[in-house]
Amino acid sequence: MRDIRSSFIEVECALCDRRDSLDRKALVTQFGAGVSLLTLRRRFALGCERMTHPDGDRCQTRFPGLDEKPTF
């Protein structure tokens with residue numbers, strides 16, 4: 001979270017059709033500035049049947065623009 005400067009962080013899941021905009025300051029207050037996107041993803045997907053699928057993590061919760069790898 002220390003490297004993210006946006007006031008709001010977008011989170012979405014294409015499979016569940018969930019979309020939300022999260023207040024960065026509130027996230028830092030709740031989880032600390034050192035929390036990783038991976039940890040936040042797991043917290044927001046808590047209870048998702050796809051996260052604990054027998055074939056592995058099939059949850060598609062992501063942070064658009066933050067977790068994408070750049071293409072060159």
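Only heavy atoms go into these numbers, but all of them, side chains included; no hydrogens, no water, no symmetry mates.
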Q: Would you check if Phe44 and Leu22 make a side-chain contact, meaning some heavy-atom pair closer than 4.5 Å?
A: yes
Q) From Thr61 OG1 over to Leu37 CG, what is the distance, rounded to the nearest 0.5 angstrom? A) 12.5 Å
(Q) When you measure from the side chain of Thr29 to the backbone of Lys25, do you find a donor-acceptor pair of N or O atoms at a distance under 3.5 Å? (A) yes
Q. How would you list all residue pairs meeting salt bridge (Lys or Arg N to Asp or Glu O under 4.0 Å) that involve residues 28-41, not counting sequence neighbours?
A. Arg41-Asp57
Tell me which donor-acceptor pairs under 3.5 Å the side chains of residues 4-11 have, and how far apart each pair is, sequence neighbours excluded?
| unit_1 | atom_1 | unit_2 | atom_2 | d |
| --- | --- | --- | --- | --- |
| Arg5 | NH1 | Arg2 | O | 3.0 |
| Arg5 | NH2 | Arg2 | O | 2.8 |
| Glu10 | OE2 | Ser21 | OG | 2.9 |

Q: Would you mind reporting whether Met1 and Leu40 have side-chain heavy atoms less than 4.5 Å apart?
A: yes
Q.
Counting neighbours of CZ on Arg24 that are heavy atoms of other residues, nucleotides or ligands and sit closer than 6.0 Å, is the number greater than 12?
A. yes
Q) Does Glu12 have any salt bridge (Lys or Arg N to Asp or Glu O under 4.0 Å) partners at least two apart in sequence or in another chain, and if so, which? A) Arg19, Arg62
